[in-house]
Amino acid sequence: MCIRDRFPVEPAAPEPAARLPALADSDAAVGTALEGLLGRPAVLSWLQMDGFVRRVVATVDNLPREHAPSRLWPVQPAPQRFSVSGQPGGTQYIALDNSARYTPFVQFVESVDTARSVALYRRLYPLFQQAYEELGYPGRYFNDRLVVVIDHLLQTPEPAGPIAVQLTEVRGEVASLRPWVRYEYADPALQSLSSGQKLLVRMGPVNERRLKAKLREWRGQVAAGGRMEAAKP
């Protein structure tokens with residue numbers, strides 16, 4: 001029995017875990033299943049299939065934290081570069097057209113049949129559970145974490161108007177002649193958000209609301225009741 005089992009996963013159909021491949025050898029079977037759900041072109045375009053189950057589990061677990069490394073994402077990073085408007089040295093804002101980088105991905109997510117995707121998740125659930133326990137949570141229930149993280153993302157603010165950003169030098173342990181810089185939110189309240197919430201804000205308010213709508217659909221089918229709970233880093 002898992003320590004926490006607040007949101008138990010009911011199998012979509014009888015599917016003994018023995019019929020599933022070992023987690024380490026699951027890429028081919030998971031890829032075939034995803035192609036059946038999404039189509040091969042979509043899988044090739046949007047997903048990173050090497051270690052897909054482990055990627056999903058690690059990314060879900062990281063989204064409420066300060067960092068969710070893109071090298072572990074189960075999806076391809078957005079094309080083009082982050083764009084800003086305004087004069088260097090002055091106030092700069094996330095460019096209005098920056099959200100267009102994410103729109104094709106949002107459209108892809110919206111195109112996925114929620115009921116069928118949740119049925120596949122339930123069928124493959126033993127693999128996700130094993131990956132979660134291997135990540136360092138023996139006896140914990142991955143679906144509990146998934147629901148809590150969805151709730152966390154749904155609480156992301158939706159800023160109105162242009163969002164100011166600023167360049168910040170990232171310092172490492174060793175001094176560099178060419179320091180690495182990155183954009184951060186100028187508003188401390190936005191900068192203090194988790195990595196997942198920052199990403200939703202960066203996508204723009206329209207894309208953020210559309211993804212939240214899909215997350216609500218998913219939550220309604222993977223959570224068998226239970227109250228909302230704040231995600232812990």
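The first residue of the sequence shown is numbered 1, and numbering continues consecutively from there.
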If you round to the nearest 0.5 Å, how far is [atom2] of [Y] from [atom1] of [X]?
X: Leu127; Y: Gln129; atom1: CG; atom2: CD; answer: 10.5 Å
X: Leu38; Y: Ser117; atom1: CG; atom2: OG; answer: 8.5 Å
X: Ile163; Y: Ile94; atom1: CD1; atom2: CD1; answer: 4.5 Å
X: Arg202; Y: Asn207; atom1: CZ; atom2: CG; answer: 12.5 Å
X: Thr156; Y: Lys198; atom1: OG1; atom2: NZ; answer: 12.0 Å
X: Glu208; Y: Leu154; atom1: CD; atom2: CG; answer: 10.0 Å

Q.
Can you pull out every salt bridge (Lys or Arg N to Asp or Glu O under 4.0 Å) where at least one residue sits in residues 38-54? Sequence neighbours excluded, please.
A. Glu35-Arg40, Asp50-Arg55, Arg54-Glu134
Looking at every heavy atom in both [X] and [Y], which two are closest together, and how far apart are they?
X: Leu120; Y: Ala33; result: CD1-CB, 3.7 Å
X: Val165; Y: Val84; result: CG2-CG1, 3.9 Å
X: Leu199; Y: Tyr102; result: CD1-CE2, 4.3 Å
X: Ala42; Y: Phe108; result: CB-CE1, 4.0 Å
X: Tyr93; Y: Pro162; result: CD2-CB, 3.6 Å
X: Asp113; Y: Ala115; result: OD1-N, 3.2 Å

Q: Mind telling me whether Tyr125 and Tyr141 have parallel, tilted or perpendicular rings, with 30° and 60° as the class edges?
A: tilted
Q: Give the ring-plane orientation class for Phe128 versus Phe142, where under 30° counts as parallel, over 60° as perpendicular and anything between as tilted.
A: parallel
(Q) Can you tell me if Leu96 has over 12 outside heavy atoms packed within less than 6.0 Å of its CG? (A) no
Q. Is there side-chain contact between Leu146 and Trp218, with at least one heavy-atom pair below 4.5 Å?
A. yes
Q. Taking side chain as C-beta onward, heavy atoms only, is Val53 less than 4.5 Å from Val30?
A. yes
**Q.** Under 3.5 Å side-chain donor-acceptor pair for Glu217 and Gln221
**A.** no
Tell me which donor-acceptor pairs under 3.5 Å the side chains of residues 71-81 have, and how far apart each pair is, sequence neighbours excluded?
{"residue": "Trp73", "atom": "NE1", "partner": "Ala68", "partner atom": "O", "Å": "3.0"}
{"residue": "Trp73", "atom": "NE1", "partner": "Pro69", "partner atom": "O", "Å": "3.4"}
{"residue": "Gln76", "atom": "NE2", "partner": "Leu47", "partner atom": "O", "Å": "3.4"}

Q) Is a side-chain donor or acceptor of Arg145 paired with a backbone partner of Asp61 at a separation under 3.5 angstrom? A) yes
Q: Please check if the side chain of Asn98 supplies one atom and the backbone of Phe82 the other of a donor-acceptor pair under 3.5 Å.
A: no
Q.
Using the rule given for side chain to side chain contact (heavy atoms under 4.5 Å, CB included), can you reason through Trp46 versus Val109, listing the C-alpha separation, both sets of side-chain angles and the distance that settles it, and then say yes or no?
A. CA-CA 10 Å; Trp46 297 109; Val109 172; over 6 Å; no
Residues 186-196 side chain polar contacts: donor-acceptor under 3.5 Å, at least two apart:
{"residue": "Asp187", "atom": "OD1", "partner": "Ala189", "partner atom": "N", "Å": "2.9"}
{"residue": "Gln191", "atom": "OE1", "partner": "Tyr185", "partner atom": "N", "Å": "2.9"}
{"residue": "Ser192", "atom": "OG", "partner": "Pro188", "partner atom": "O", "Å": "3.3"}
{"residue": "Ser192", "atom": "OG", "partner": "Ala189", "partner atom": "O", "Å": "2.8"}
{"residue": "Ser194", "atom": "OG", "partner": "Leu63", "partner atom": "O", "Å": "3.2"}
{"residue": "Ser194", "atom": "OG", "partner": "His152", "partner atom": "NE2", "Å": "2.7"}
{"residue": "Ser194", "atom": "OG", "partner": "Gln197", "partner atom": "N", "Å": "3.2"}
{"residue": "Ser195", "atom": "OG", "partner": "Asn62", "partner atom": "O", "Å": "3.4"}
{"residue": "Ser195", "atom": "OG", "partner": "Leu63", "partner atom": "O", "Å": "3.2"}
{"residue": "Ser195", "atom": "OG", "partner": "Arg65", "partner atom": "O", "Å": "3.0"}

Q. Only one of Lys212, Arg210, Arg209 clears salt bridge (charged side-chain N to carboxylate O under 4.0 Å, His left out) with Glu110; which?
A. Arg210
Q.
Under 4.5 Å between side-chain heavy atoms, counting indirect links through other Ile/Leu/Val/Met/Phe/Trp/Tyr residues: same cluster for Leu211 and Val206 or not?
A. no
Q: Report yes or no: do Leu44 and Phe105 belong to one cluster of Ile/Leu/Val/Met/Phe/Trp/Tyr joined by side chain heavy-atom distances under 4.5 Å?
A: no
